[in-house]
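One structure is given below, encoded as C-alpha cells.
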Number of protein chains: 2
Amino acid sequence: MTKRTNDNGTERITMTDIAKMAGVSVATVSRVINDSPGVSDENRKRISKLIEELGYQPNFTARNLVRQSTRTIAVINMQTLGQLHAQPASGRMLQGIESVLTSNGYRCTILSRDEFAQDMSELRLIKGGSVDGILLNGAKLNDPLALELTQRNFPFVIIGRAIGLVNSHYVDIDNVFGAYSAVESLVRLGHRRIAHVCGSQQTNLGVERLEGYRRALLEAGLAYNESLVIDAGLTRKEVYTSVRRFFENIAQEERPTAVFTFNDFFAIPVIRALLDLGLQVPRDVSVIGFDDDEASQYLNPPLASVRAPISEMGMKAAEMLLKLIQGKQIDSRQVILQTRVIERDSLGSPSPPA
Amino acid sequence: MTKRTNDNGTERITMTDIAKMAGVSVATVSRVINDSPGVSDENRKRISKLIEELGYQPNFTARNLVRQSTRTIAVINMQTLGQLHAQPASGRMLQGIESVLTSNGYRCTILSRDEFAQDMSELRLIKGGSVDGILLNGAKLNDPLALELTQRNFPFVIIGRAIGLVNSHYVDIDNVFGAYSAVESLVRLGHRRIAHVCGSQQTNLGVERLEGYRRALLEAGLAYNESLVIDAGLTRKEVYTSVRRFFENIAQEERPTAVFTFNDFFAIPVIRALLDLGLQVPRDVSVIGFDDDEASQYLNPPLASVRAPISEMGMKAAEMLLKLIQGKQIDSRQVILQTRVIERDSLGSPSPPA
DNA sequence: CTGAAAGCGCTAACAC
DNA sequence: GTGTTAGCGCTTTCAG
C-alpha cells in the first residue's frame with residue numbers, strides 16, 4: 001500500500017492536513033482534539049469546525065503508539081470458541097463485558113486458551129503490547145497464566161475464583177452456595193436419592209458446584225455417594241448419552257428421584273434422556289439446573305434453576321479491570337455475587353414407592 | 001506512564017535492545033523477525049536465539065502504524081449486544097468468524113449498530129484506521145452504511161443479503177427456500193391453516209422467511225392470510241405473550257393446526273404458550289422452527305427445524321473478507337448456502353375435525 | 001497561547 | 001549482507 005493513501009486512491013486525511021488548512025501547528029490541533037487547555041477560543045472553534053467538516057478522525061494506531069496503550073482488552077476463555085458460544089450463559093457474560101467496555105471507549109477481543117501450546121502463547125499479547133488488560137474467564141487451580149500475569153503486574157481480573165492465588169482480583173458468583181441451595185430445595189421436597197450431572201472437574205466452576213451438592217447432602221444427613229455423580233463430558237450429546245445410560249442401568253429402587261445438573265445447558269439433554277426412557281419429569285424424576293438461562297422458563301416442563309447474575313458478573317469484572325488499568329481506587333478486590341433458587345414445574349415431590 | 005517502562009517498572013524490551021545485544025542494526029533484526037532474505041545464516045541464528053531467550057515480541061502497535069493496518073476487523077450487528085448474544089444462532093456465527101480470523105492472525109471486535117446515532121458512528125472505525133475490514137451482520141434495505149463503505153472502497157462483506165446493493169460481497173443462506181421448504185413440509189402433512197410467527201420486518205432475514213412462507217402457501221393453493229402472520233417482537237417474552245393472545249382469541253375452527261416460527265429461538269416460547277393453553281404439540285398444533293439450534297433436538301417435544309449452516313456462513317464471510325483485504329482473487333462475490341428440513345416430533349398431521 | 005521538535009517502536013528504501 | 005535513515009500519525013515537553 002502506498003503511504004498516505006487508501007486502497008481506492010483517496011488521500012487519508014491527517015492531523016498535519018488539518019494544521020495546514022487552519023494555519024496552525026499540529027500541536028494546536030492535537031490540543032483541541034484532546035480538549036487540552038492552552039488554545040485560544042477562536043482557534044479552537046475554527047479547528048473544531050474544520051475537523052467536523054472534513055470528517056477527520058485521529059488515527060487510532062498512531063495514538064496508541066505514543067500513548068502506549070491500545071484501548072483493547074482480551075477475554076481469555078478456558079473453553080474452545082465452539083463450547084463458549086454454544087452456551088447461553090457465555091453470551092450473557094460477553095454481553096455484560098462488551099457493554100461496559102464499549103461504553104468506555106474500549107474494545108475487546110475474544111480468545112480461547114490454547115491448551116496445546118505449552119509456552120502460554122497468551123503472553124505474547126502482553127509482551128507485544130497489544131492489549132491493555134485481560135479478563136480471564138475461568139482459571140485452573142494455581143493457574144500458571146494468572147501467576148505469570150501477577151508477577152508481571154499486568155492488569156487482569158479473573159471471572160470465577162482464583163484458587164491458589166492470593167489477592168488476585170476476581171468476581172464470581174457463589175457457586176457453592178448456589179448448588180447447595182438447589183440441592184437443599186430438592187431435599188426439602190422429600191428427595192433422598194439425588195444425582196448430580198457435574199461439570200468439568202478441571203474447572204473451578206465444576207468443582208464448586210459439586211462441592212455445594214456434597215455439602216447439602218451431608219447437611220441433610222444423606223450420604224454423599226460418588227456413584228450418583230455423573231461426569232458426563234462437555235457437550236449436550238455426551239450428557240444425553242451418559243445420563244441415558246446411567247438411568248438405563250440402575251435398579252428402580254436405587255434410581256434417583258431428582259437430579260441437579262451443572263447448568264441449564266445440560267438440563268435440556270438430561271430431561272430428554274429421561275423422557276426417552278419413559279420417565280416423567282417431575283413425576284418420576286425432578287430436575288433443577290443452574291444459571292437460569294432465559295429459555296429455561298419456557299421449556300417443557302419449565303425448568304427450575306439457580307438464578308445467577310451472569311451479565312452483571314461480566315460487567316463488574318470489566319469495570320474492575322478498567323479501574324485497574326486506569327490506576328483508580330478499587331473498593332474490593334474480590335466480588336461475590338449471590339444466587340437464588342427459582343422453583344418451576346420440573347420440581348416435584350418424589351412419588352411414594354409403588 | 002513513563003516511556004519504555006511498564007507499570008511495574010520493568011523495561012519493555014524493544015527491537016533496538018535486541019539489535020544492540022546482537023551487535024547488529026535494527027534493520028537486521030527486523031529482517032529476521034519478518035523472515036526476510038538478506039541475513040547471514042549465522043546472524044539469523046544468533047538473533048533468533050536472542051529473541052527466544054528474552055521472550056521478545058515485536059510491538060503490535062508500532063508494526064500496525066507503519067504497515068497501515070491493524071489486523072483487526074469489526075463485526076457490526078443490527079441487534080443490540082443483548083439480543084445478539086441471547087441467540088444460539090449468533091453464537092454459531094461468531095464462532096465461525098472468530099475461528100478463521102484468529103487462525104489467520106486477525107482479531108475481531110463485536111459492535112452493534114447504534115440506531116440512535118444519525119451520523120453513522122461506525123465510519124469512525126474506518127476513518128480512524130482502526131479496523132482493516134468489516135463484517136456486516138445483517139443489512140437494511142439500501143443500507144446507508146453499506147453504501148458508504150462501497151463508495152469508500154472499504155473492504156466489507158455482508159452476512160445476509162444486500163438488497164439494493166449491486167455487486168456487494170455477501171454470504172447468506174437461502175432463507176426464502178428454507179422457509180418455503182419448512183412450510184411445504186407442513187402442507188405435505190396435511191396442514192391447511194398454517195401460522196407464521198415472523199421475525200422483524202426491518203431485517204432481510206425476517207422479510208425473506210416470511211416470503212418463503214407466502215410462496216409455499218400460494219404454491220399449495222392456499223390463501224396467504226395476513227391475520228395468520230404474528231409479528232411478535234424481538235424477545236421470547238413478547239413472542240410468548242403474542243402467541244398466547246393469538247390462540248386465546250381465535251375460534252377453534254379457525255385455529256391454525258401448525259405454526260412455522262422465524263427461528264428456533266422463538267419456537268420455544270411458542271410451544272410454551274400453546275401448552276399453557278392446554279394445546280398439545282403436535283397433536284393440536286405442529287411447530288417447526290428455523291436454524292436447528294443445537295438444543296432443538298433435545299426439547300420436549302424435539303423441535304423440527306430448518307437446518308442452516310450458520311457457523312459455515314460466518315467462516316465463509318470471514319474468509320472472503322480476508323481475501324478482499326489481502327487483495328486476493330475471489331471466486332464468487334456472492335455465496336448462498338443451502339438449508340434442509342429436519343423433521344422431528346413437533347410435527348404431525350392435523351387431527352381430523354372432532 | 002503557540003510552535004518546533006523529539007520521540008513511540010517498527011519497516012523499508014537506499015546506500016555501502 | 002548489513003547499516004542508515006526516513007518516515008507511519010500522533011502526543012508532549014520545552015521554548016518562545
Side-chain angles (χ1 to χ4, degrees), chain A residues 1-6 11-48 51 54 56-71 124 126-132, chain B residues 1-6 11-48 51 54-71 124 126-130 132:
Chain A
M1 209 193 288
T2 331
K3 306 266 159 100
R4 315 224 29 249
T5 319
N6 272 334
E11 292 247 331
R12 188 175 288 163
I13 162 164
T14 74
M15 214 165 79
T16 314
D17 299 332
I18 304 278
K20 277 195 191 122
M21 301 178 74
V24 296
S25 74
V26 289
T28 303
V29 177
S30 176
R31 287 188 189 102
V32 352
I33 285 172
N34 295 295
D35 276 322
S36 304
V39 182
S40 68
D41 272 5
E42 193 224 312
N43 265 343
R44 194 180 292 275
K45 210 177 297 173
R46 199 154 41 85
I47 295 171
S48 302
I51 288 174
L54 293 164
Y56 166 71
Q57 185 69 26
N59 182 284
F60 185 67
T61 310
R63 284 185 125 163
N64 288 346
L65 182 57
V66 43
R67 289 176 171 171
Q68 301 279 48
S69 109
T70 55
R71 304 214 141 227
R124 283 188 304 203
I126 83 171
K127 288 186 188 159
S130 61
V131 297
D132 291 356
Chain B
M1 211 194 287
T2 332
K3 306 264 159 103
R4 315 222 32 250
T5 318
N6 272 335
E11 293 246 331
R12 190 174 286 165
I13 162 164
T14 75
M15 215 164 77
T16 314
D17 299 332
I18 303 279
K20 278 195 191 122
M21 301 179 75
V24 296
S25 73
V26 287
T28 303
V29 177
S30 176
R31 286 187 190 105
V32 351
I33 284 172
N34 296 294
D35 277 323
S36 305
V39 182
S40 68
D41 273 7
E42 194 222 313
N43 264 343
R44 192 179 293 274
K45 209 177 296 173
R46 200 154 41 86
I47 296 171
S48 303
I51 289 174
L54 294 163
Y56 166 73
Q57 185 69 27
N59 182 283
F60 186 67
T61 309
R63 283 184 125 166
N64 288 345
L65 182 57
V66 45
R67 288 178 172 166
Q68 302 278 49
S69 112
T70 55
R71 304 214 142 228
R124 282 189 306 204
I126 84 172
K127 289 188 188 156
S130 61
D132 291 356

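All values below come from the heavy atoms of this structure, side chains included, with hydrogens, waters and symmetry mates left out. Residue numbers begin at 1 in each chain, while the letters A, B, ... track the order of the sequences.
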Query raised in the report: Side chains of A:Arg71 and A:Arg63: closer than 4.5 Å at any heavy-atom pair?
Result: no
**Report entry** Presence of A:Asn43 side-chain N/O under 4.0 Å of C:dT2 phosphate oxygens OP1/OP2
**Finding:** yes
Report task. Working to the nearest 0.5 Å, report the span between CG of A:Asp132 and CD1 of A:Ile126. Result -> 11.5 Å
Query raised in the report: At how many degrees, to 10°, do the end axes of the helix from C:dC1-D:dG16 to C:dC16-D:dG1 meet when each uses five pairs?
Result: 40°
Requested in this report: Provide, to the nearest angstrom, the distance between the CZ atom belonging to B:Arg44 and the C1' atom belonging to D:dG1.
Outcome: 11 Å
Query raised in the report: Counting just side-chain N and O atoms, does A:Arg67 come under 4.0 Å of either OP1 or OP2 of D:dC10?
Result: no
Report summary line: The reported gap from CD1 in A:Ile13 to NZ in B:Lys127 (rounded to nearest 0.5 angstrom) is 9.5 Å
Query raised in the report: Nearest-Å distance, NZ (B:Lys20) to P (C:dG9)?
Result: 11 Å
**Report entry** Contacts of type side-chain hydrogen bond (donor to acceptor under 3.5 Å, both in side chains), residue A:Asn43, not counting sequence neighbours
**Finding:** A:Arg46
Query raised in the report: Starting at CD1 of B:Ile47 and ending at C1' of D:dG1, how long is that distance when rounded to a whole Å?
Result: 11 Å
Query - Rounded distance (Å) that lies between atom C1' of D:dC8 and atom CZ of B:Phe60 - result: 15 Å
Report summary line: From CD of A:Gln57 across to C1' of D:dC10 the rounded distance in Å is 13 Å
Report summary line: Taken to the nearest whole Å, CG/B:Asp41 to P/D:dG1 is 8 Å
**Report entry** Value in whole Å for how far the P atom of C:dA12 lies from CG of B:Asn64
**Finding:** 13 Å
Query raised in the report: Can you check whether A:Gln68 has a side-chain N or O nearer than 4.0 Å to OP1 or OP2 of C:dG9?
Result: yes
When the side chains of residues 21-33 of chain B are checked against the rest of the protein, which donor-acceptor pairs come out under 3.5 Å, sequence neighbours left out?
residue: B:Ser25; atom: OG; partner: B:Ala27; partner atom: N; Å: 3.4
residue: B:Ser30; atom: OG; partner: B:Asn34; partner atom: ND2; Å: 3.3

Query raised in the report: How many angstroms lie between atom OG of B:Ser130 and atom CZ of B:Arg124, to the nearest 0.5 angstrom?
Result: 10.0 Å
Report task. For B:Val39 and for B:Leu65, locate the closest nucleotide of DNA chain D by heavy-atom distance; then report the residue assigned to the nucleotide nearer the 5' terminus. Result -> B:Val39
Query raised in the report: Between atom CG of B:Asp17 and atom CZ of B:Arg12, what is the distance when rounded to the nearest 0.5 Å?
Result: 12.0 Å
Query raised in the report: Are OP1 or OP2 of D:dC10 and a side-chain N or O of A:Thr16 less than 4.0 angstrom apart?
Result: no
**Report entry** Side-chain touch A:Lys45/A:Asp41, heavy atoms, less than 4.5 angstrom
**Finding:** no
Query raised in the report: Quick one: is B:Tyr56 getting a side-chain N or O under 4.0 Å of the C:dG9 phosphate, OP1 or OP2?
Result: no
Report task. Please work out which residues in residues 27-35 of chain A have a non-hydrogen atom less than 4.0 Å from an atom of DNA chain D and list them by number. Result -> A:Ala27, A:Ser30, A:Arg31, A:Asn34
Query raised in the report: Which residues satisfy the side-chain hydrogen bond (donor to acceptor under 3.5 Å, both in side chains) test with B:Thr61, sequence neighbours excluded?
Result: none
Query raised in the report: Counting any heavy atom closer than 4.0 Å, what does B:Gly128 reach on the DNA or RNA strands: base, sugar-phosphate only, or nothing?
Result: nothing
**Report entry** side-chain hydrogen bond (donor to acceptor under 3.5 Å, both in side chains) partners for B:Asn64, two or more places apart
**Finding:** none
Query raised in the report: Looking at B:Ser36, does any N or O in its side chain come under 4.0 Å of the phosphate oxygens OP1/OP2 on C:dA12?
Result: no
Query - Minimum-distance nucleotide (side-chain atoms of B:Ala62 versus C:dG3, C:dC10, D:dG9) - result: C:dC10
Query raised in the report: Between atom CZ in A:Arg63 and atom C1' in D:dT12, what is the gap in whole Å?
Result: 13 Å
